[in-house]
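First up is the structure itself, then whatever we jot down about it.
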Amino acid sequence: MIEITNGRIYFYHTMKPELKVLDFICLSAYICPVCKKVLSAYFVGSIIPESFKEYMEQDKMKYAYEMGNTQGAQWIKMRDNSHRETCSWEVVGALSKGINNAVKSFIEIHNIKIKDHQALISAIEQEKMPGFKLVKDEIGTDMPMVIFKENELLDTKGMPFEKKWELLRDLTNTIDSVLKSIGMHN
Ligand SMILES: [Zn+2]
């Protein structure tokens, strides 16, 4: 298990008491608000991949992270496809690069043609935009990151199939109409 508490990161195994609890100063960490998994962390310490695996209680988590060292500290990052296997929300853009960058890569990936990027950025920033959630740095030093789930963008319950299809087929239109409906459109 990986746990972030009071500015520290802990690695432990609830079923293996012989495994020493590792405890390091945490410099930055992001936890998915939906699946509660640690998406990334940066800490003062060192754990090698072989020993990292020992602390993962679920087999599929043993290989779910990439890791490395930068400036004397270590980082771990959950692979996007590993997160996708366990969570219905996806990370948008690069971690810890802020909302502007997340929106920029979202627009590129989904080929969105909205004119007013700022409206979408503000709506996400103010946590008013359905389908998008902010993930803040647990330590409060780095910029927030963004996760996205297309099905949450608009409430399609009870909507006729044709209407639903028409909306989801055209993400640009959908985002425009959601921005209008929450009063964020100029
Ligand atoms: Zn998640």
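Keep in mind that what you see is a predicted model, and the values were worked out from it rather than measured. Starting from 1, each residue takes its place in the sequence as its number. Note that ligands are numbered from 1 as they come in the structure, with each ligand's atoms numbered from 1 the same way.
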* Asked: What protein N, O or S atoms come within a distance below 2.8 Å of the Zn ion (ligand 1), ordered by chain and number?
  -> Cys32 SG, Cys35 SG, His83 NE2, Cys87 SG
* Evaluate whether atom CD of Gln71 has more than 12 neighbouring non-hydrogen atoms of other residues, nucleotides or ligands under 6.0 angstrom away. => no
* Asked: Does atom NZ of Lys16 have more than 12 heavy-atom neighbours from other groups under 6.0 Å away?
  -> yes
* Donor + acceptor pair across side chains of Glu3, Tyr12 (<3.5 Å) -> yes
Which side-chain N or O atoms in residues 48-61 pair as donor and acceptor under 3.5 Å with protein atoms at least two apart or in another chain?
| unit_1 | atom_1 | unit_2 | atom_2 | d |
| --- | --- | --- | --- | --- |
| Tyr55 | OH | Lys20 | O | 2.5 |
| Glu57 | OE1 | Thr14 | OG1 | 2.9 |
| Glu57 | OE2 | Thr14 | N | 2.6 |
| Glu57 | OE2 | Thr14 | OG1 | 2.9 |

* **Residue among Leu153, Val178, Ile99 satisfying side-chain contact (heavy atoms from CB on, under 4.5 Å) with Phe132** => Leu153
* Side chains of Thr70 and Trp75: donor-acceptor distance under 3.5 Å anywhere? -> yes
